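Worksheet: the structure to be examined is printed underneath.
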Amino acid sequence: MLYTNRFISILFVLFVIVFISNAQDKPDYQNGVPEACTSITVGKQATFDGSVMTSHTDDSHRTRAWMDIVPAQRFGRRDKVTMYKREADDSGPMPAYKHTPVGEIPQVRETYGYINTAYPCMNTQQLAIGESTFGGRESLQSDEGLIDCQRLIKLMLQRTTNARDAIRTGGELLKKYGWNDAGECLTIADTKEVWHMEIVGPGKGQKGAVWVAQRVPDDEVSVNANAARIQEIDLENPDFFMASENIFDVARDSMWWNQATGPFRFADAYAPESRESMAARRREWRVLSMMNPSLELDPEARDYPFSVKPAQKVSLEKMIEIFKDYYEGTPYDMVGHIKKVTEDGDTIPHPMASPFMPYDAYDLHNIHGGWGDLGERTIARWYTMYATITQSRDWLPNEIGGLVWLAQDNVATSVYIPVYCSVTDLPASYKVPGRKGFSRQSAWWAFNRLSTLASQRWNDMHHDVDSVMTPLQQEIFESQRTAEKEAMSMRTKHTIDHLTRYTEKWGNRVVSEAWRLGDFLWTKYDEKF
C-alpha cells in the first residue's frame, strides 16, 4: 500500500509538471491560462446614443501589427478559400505567428468588404465582432477541423449582415468543416443587438464544434475576459439563446453534466478551469463594477451575472476609461504600495512604480496578487497590439453608421481614431508590419515606443502623456459631428471618399503626435530612467 501511494503521488506530480509545461508552451498563455483579450459589449438601450457596441483589446505578444481594408469581392463558382492554422513563429527578431495552410472550403460568389485587423472587426454592413480566448478542456481540441478563430470571424464578416445570421452561418461552417482552435468567445454586434458566442472543439479526433450563443439584453452590458461566461441556457427562447445540436450530448457522454443532479451550465461543463482563473474574474468584476458601482460585486467571487444594467448610459469616454484601467485606487493596484518620501516629508507614489512592468520586474518589488507571481491581470496591458470599440448605428446609412474606434498598443497611453466601415484605405503607417523590428514607418511602433518609455517612470510620465492625448481624443470626438454632417449631404461615392480622407487625416495626426511625444519624454527624462 505504501509503495502504491508513493507511486500514485509520483504520477500526480509528473502529471502536474507536464500539464503546466504544456500550458506554458501555448503562445499568449501564462500560468496555464490565456492572458489575452478583453471584450465589452453594450446593448442599444444602454448606450449614450442608441448605437450597439462591442470591443476588443488584442492582447498578444505575437499578433501582427499591420492592418488594411479588404474590399467587397466577386468569385467564380469553383473558387476556394484557404484555411490556416495559427502557430507560434520564433524565427524572426520578435515573437510572431505563422499561418500554415490546412485545407480549403468553397468560396461564396460575393463577399462584403471588411476592416482587416488581425481579428477582422467590422464589415461594410455594420456587422462587428470582438474576441476573447478562454481555452476550455484540453480534451476537446481537435486537429481534424479546418477553421480557427481568425478565419471564422473573417468568414462571418464576408458572408453575413447581422449577428443572428453570423452565428447560424458560423455554426453551419463549423459543423461541416470543423473547429481547430481553443475555446473562444466572439462578441457579435449589429445595428439592433449584440450576442456572445462561445465555441469549443468537438473532442480529439472529431470534426465539428460545440457552441452556444447568448444575447445581451438591450439595456445591459456584458464582458468576456478569457473565461467562459455563458451558464444556464433556454433554447426555447431563441431571441436570447442559440446552440449547436450536440451541446447536451457531448457534455452528458463525457460525464461533465449529469441531468439528474442539476441544470446544464455551459461554462461549468466545457471550460470549468476558466472560471477558476483570477486573471479573468478580476477583470469581469472590475468592468461590471465600473459600469454600475452600486452592485457592490464581490471581487473574490467565482461567478458574476452574464450582464448587468449600467448606472448611466455608456459613453465612448466611459468605454475608454475602463479600457485604460489598471486597478488604480483599489486593493488590487499592484504598485500602489510603492511609495517615496519627499524632502518635505510627504509620502507620494514612487515615480518609477509602474503597472506596466515586465513580469521579471515583479520579483524585484515583491509584487504578488490574484495571479500569483504575475501580480494582477489588469485591463490595460503593455502587450496590447491594438484595440477597437465599435458602434453600429441603425439611424444612419451603412457607410456612415458603422464606426470602429481604433487604438494602437497599450490603451493607457494611446488614442482612438475613427475608422468608418466604408473606408477604402488606411494611412500608410498602419499597413507596415511591425514584428520584423523597430520601424519609424510603423504606426504600431510609434505607440509601442511611447508606451514603453512612459512605463519606465510612470507616475511622472503618464501626466505628460495625458496632457497631450486626452485633449487630442476630445478633439477627435468633437470633429466627428461635423465630418458626419458633411458626409450626410454627399452622394455615396463622395461620402466614402470623404470618410476615407477623414480617417487618414486622424490616423496620420495621432501617429505624428506619438512620435513627437516619445521624443519629448526621452529628452525631458534623460538620465532619470
Side-chain angles (χ1 to χ4, degrees), residues 33-44 46-47 52-59 119 121 128-135 163 183-189 193-198 212-231 240 266-267 271 274-316 318-327 330 332 370 376-381 384 387-391 405 411:
V33 298
E35 59 168 353
C37 313
T38 304
S39 179
I40 302 170
T41 51
V42 191
K44 67 184 306 179
T47 61
V52 181
M53 292 184 182
T54 187
S55 56
H56 178 208
T57 57
D58 183 7
D59 301 338
Y119 293 80
C121 56
I129 302 180
E131 176 270 346
S132 184
T133 304
F134 62 81
E184 292 277 359
C185 174
L186 305 185
T187 55
I188 308 170
E193 58 195 23
V194 60
W195 292 69
H196 289 213
M197 181 182 188
E198 296 184 358
V212 66
Q214 182 171 352
R215 176 183 162 195
V216 179
D218 292 344
D219 59 348
E220 297 192 0
V221 302
S222 188
V223 60
N224 193 284
N226 302 135
R229 302 207 57 234
I230 299 176
Q231 292 283 20
F240 280 89
F266 179 84
S274 74
R275 295 293 340 137
E276 304 302 325
S277 169
M278 191 59 74
R281 287 154 46 197
R282 192 79 81 207
R283 277 177 287 159
E284 294 172 1
W285 163 78
R286 185 61 168 162
V287 170
L288 298 177
S289 295
M290 290 183 75
M291 287 291 191
N292 191 342
S294 68
L295 294 171
E296 297 184 351
L297 298 173
D298 180 0
E300 304 293 331
R302 180 185 184 273
D303 295 300
Y304 298 100
F306 172 73
S307 59
V308 303
K309 291 184 178 181
Q312 298 176 327
K313 299 287 188 181
V314 179
S315 64
L316 288 167
K318 187 64 176 182
M319 291 287 279
I320 293 173
E321 176 192 356
I322 293 173
F323 279 118
K324 285 178 177 284
D325 185 74
Y326 49 88
Y327 305 150
T330 77
Y332 310 106
E376 295 287 346
R377 202 306 191 180
T378 57
I379 300 171
R381 296 307 270 176
T384 298
T388 58
I389 300 170
T390 72
Q391 289 186 276
W405 294 96
V411 174

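In this text, all values refer to a predicted model and were calculated from it rather than measured experimentally. Sequential numbering from 1 along the given sequence is applied to the chain's residues.
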So how far is it from [X] [atom1] to [Y] [atom2], rounded to the nearest 0.5 Å?
X: L297; Y: R281; atom1: CG; atom2: CZ; result: 13.0 Å
X: S222; Y: R215; atom1: OG; atom2: CZ; result: 13.5 Å
X: N292; Y: Q312; atom1: CG; atom2: CD; result: 9.5 Å
X: L295; Y: W285; atom1: CG; atom2: CH2; result: 12.5 Å
X: T38; Y: E131; atom1: OG1; atom2: CD; result: 10.0 Å
X: H56; Y: N224; atom1: NE2; atom2: CG; result: 10.5 Å

Backbone of [Y] reached by a side-chain donor or acceptor of [X] within 3.5 Å:
X: N226; Y: A280; value: no
X: T54; Y: I188; value: no
X: T47; Y: V52; value: no
X: E198; Y: A213; value: no
X: S39; Y: S55; value: yes
X: S277; Y: S274; value: no
X: K324; Y: V411; value: yes
X: R275; Y: R229; value: no
X: S132; Y: C37; value: yes
X: R286; Y: I379; value: no

Which residues share a side chain to side chain donor-acceptor pair (under 3.5 Å) with R377, sequence neighbours left out:
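Listed in chain order: D59.
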Is R282 positioned over the aromatic face of Y332, cation under 6.0 angstrom from the ring centre and no more than 45 degrees off axis?
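So R282 does make the cation-pi contact.
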What residues form a salt bridge (Lys or Arg N to Asp or Glu O under 4.0 Å) with R283, not counting sequence neighbours?
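Not a single residue meets the salt bridge (Lys or Arg N to Asp or Glu O under 4.0 Å) criterion with R283.
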Please lay out, stage by stage, how M197 and V212 fare under the test side chain to side chain contact (heavy atoms under 4.5 Å, CB included).
CA-CA 6 Å; M197 181 182 188; V212 66; over 6 Å; no
Less than 3.5 Å apart, any donor N or O on the side chain of H196 or Q214 sitting next to an acceptor on the other?
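No, no side-chain donor-acceptor pair sits under 3.5 Å.
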From CA spacing to verdict: side chain to side chain contact (heavy atoms under 4.5 Å, CB included), M278, R302
CA-CA 9 Å; M278 191 59 74; R302 180 185 184 273; over 6 Å; no
Mind checking whether I389 and I320 have side chains closer than 4.5 Å, heavy atoms only?
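I389 reaches I320 side chain to side chain.
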Indicate yes or no: at least one non-hydrogen side-chain atom of M319 is less than 4.5 angstrom from one of I40.
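Result yes, sub-4.5 Å side-chain heavy-atom pair found.
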Which atom pair, heavy atoms only, marks the closest approach of [X] to [Y]?
X: P34; Y: F134; answer: CG-C, 4.0 Å
X: V314; Y: M53; answer: O-CE, 4.2 Å
X: D58; Y: Y119; answer: OD1-CE1, 3.8 Å

Go through the steps to decide whether W195 and T187 satisfy the test side chain to side chain contact (heavy atoms under 4.5 Å, CB included), and finish with yes or no.
CA-CA 6 Å; W195 292 69; T187 55; over 6 Å; no
Test V221 against V308 for side chain to side chain contact (heavy atoms under 4.5 Å, CB included), laying out the working first.
CA-CA 6 Å; V221 302; V308 303; 3.8 Å; yes
Ring centres of F323 and W405 under 6.0 Å apart?
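No; W405 has its ring centre 6.0 Å or more from that of F323.
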Which residues pass the side-chain contact (heavy atoms from CB on, under 4.5 Å) test with E296, sequence neighbours left out?
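Not a single residue meets the side-chain contact (heavy atoms from CB on, under 4.5 Å) criterion with E296.
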Ion pair present between K309 and D219, side-chain N to carboxylate O less than 4.0 angstrom?
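Judged by the 4.0 Å cut-off on N to carboxylate O distance, K309 and D219 do form a salt bridge.
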